[in-house]
A.B. asks: 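To start, I am sharing the structure in question, which I have written as structure tokens.
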Amino acid sequence: MGCLDIPNETVFTMEITPIKFGLGATDEIAYDLKRLGVKHALIITDRGIMKLGLPERVRTLLQEASINADIFDDVHVEPTDQSFEAISTFVRGRDYDGFVAIGGGSSIDSAKAANLLSNYPAPVMDYINKPIGKGLPVPGPLKPLVALPTTAGTGSETTAMAIMDVLSLKVKTGISHRYLRPTLAIIDPLNTVTLPPMATAYPGFDVLTHALESYTSRPYDTRPRHKPDERPVYVGSNPISDLWCEKALEYTGRYLRRAVLNGMDVEARTHMALAATYAGIGFGNAGVHVPHSIAYPIAGLVKNFSPPDYPKDEPMIPHGLSVVVTAPSTFRWTYPVSPERHLRAAQLLGADVSGLTTTEMPEVLPRTILSLMRDTGISNGLSALGYGEADVPALIDGTLKQHRLLVNCPRAVGTEELRQVIQHSFEYW
């Protein structure tokens, strides 16, 4: 029987950004931009990072190598469709031949948007994923983009997604296309040591959920076959992504508490930077599912929550907090589909899984996540973020719009299943 007679997918893809990793790797930025042929770069960052002096230091390194560089420091933390439009307006008509993103996922995703919208101008909604936007493909290759992450979290330095809030709809979504993937990631753990505790913890839980959701996502070979040009970026769990996710879980379980407790713990910072990148490679190919799907309306419908260690100009639920808050309930619900994976994930995070009864087994991964949450000062469930029973329909509605992510769920998921997960996430302890 030929491959073409098999209805399910038999092929998976593995694409990653080339990576330069290590203490002091930032010092090599000019060499890499020259190698990529960049002569006039735009450095994209936010004002918090600007105050720390890193963008100016990078600009000096570039200028010393005869590379012109301007700085755009007006990135919106947790970007919006409007902030993406603003950065594209700034870039349009200028002769940048490359981009440098310095910051967390907000800066890196904004740089991806600037690169896309300056090369192929169009309204942001044209590129935003269906059913919220038109989901048009990126027409062609983009200019070089070098990402220097300053958080150990999003993995955006190696992914093909740019995430933002659509303000008019109060929903978070994104643009997804392999051409958005950065050309190079320069990951220097020393750039993360100034992060305060909660700005370390929240991105750390983004690492955790990236790895867990990808590791438990619907396997690639249980999905319908795709034509090569229609194969999504997220192909489902597969033997290569699994390796990256497992190592990300091991390092997060071992080092997240230490990094939150003492920002100058360079060993913990180094391993969390590795974990973020490994999880980015894993989920950037396998894909995430329910916690990330619910996280988008959780963040988009924020009322008055103001997180510690973040800008105070407007209410905000940081991405890592919005994803982890439903994770314990989700992984209790997904347990029956792959018990061995859930137990293995808990073990990698540091749990003892020997001698468990059949009633204890489904609880060990949720309990392990909750232990990490409590130890790092994470809010106790959706209630602590300002949500109540009356908000459940809006949260479900916003989640159902995340079709691109929900197809990765290992169990059939609809309104009732989401209601169950959300209602079990209001309060944990």
A.B. asks: Is there a ring pair (Phe, Tyr, Trp, His ring centres under 6.0 Å) between Tyr120 and Tyr127? Walk through the geometry before answering.
C.D. replies: CA-CA 10 Å; Tyr120 305 104; Tyr127 294 118; 7.8 Å; no
A.B. asks: Rounded to the nearest 0.5 Å, what separates atom CG in Leu348 from atom OG1 in Thr368?
C.D. replies: 10.5 Å
A.B. asks: Just by distance, no angles: are the side chains of Tyr428 and Ser329 close enough, under 3.5 Å, to form a donor-acceptor pair?
C.D. replies: yes
A.B. asks: Between His289 and Thr216, do the side chains contain a donor N or O and an acceptor N or O under 3.5 Å apart?
C.D. replies: yes
A.B. asks: Contact between Arg225 and Thr10 at the side-chain level, heavy atoms closer than 4.5 Å - yes or no?
C.D. replies: yes
A.B. asks: Less than 3.5 Å apart, any donor N or O on the side chain of Asn191 or Thr26 sitting next to an acceptor on the other?
C.D. replies: yes
A.B. asks: Quick one: are Leu321 and Tyr310 in side-chain contact, heavy atoms under 4.5 Å?
C.D. replies: no
A.B. asks: Does a side chain donor of either His271 or Asp265 reach within less than 3.5 Å of an acceptor in the other side chain?
C.D. replies: no
A.B. asks: Under 3.5 Å, which donor-acceptor pairs do the side chains of residues 161-174 form with other protein atoms, sequence neighbours left out?
C.D. replies:
{"from": "Asp165", "atom 1": "OD2", "to": "Lys172", "atom 2": "NZ", "distance (Å)": "3.4"}
{"from": "Lys172", "atom 1": "NZ", "to": "Glu78", "atom 2": "OE1", "distance (Å)": "2.9"}

A.B. asks: Any donor-acceptor pair under 3.5 Å linking the side-chain atoms of Arg344 with those of Ser338?
C.D. replies: no
A.B. asks: Begin from the C-alpha positions of Ile43 and Ile102 and carry the test side-chain contact (heavy atoms from CB on, under 4.5 Å) through to its verdict.
C.D. replies: CA-CA 7 Å; Ile43 296 168; Ile102 302 177; 3.6 Å; yes
A.B. asks: Does a donor on one side chain and an acceptor on the other come within less than 3.5 Å for Glu157 and Thr277?
C.D. replies: yes
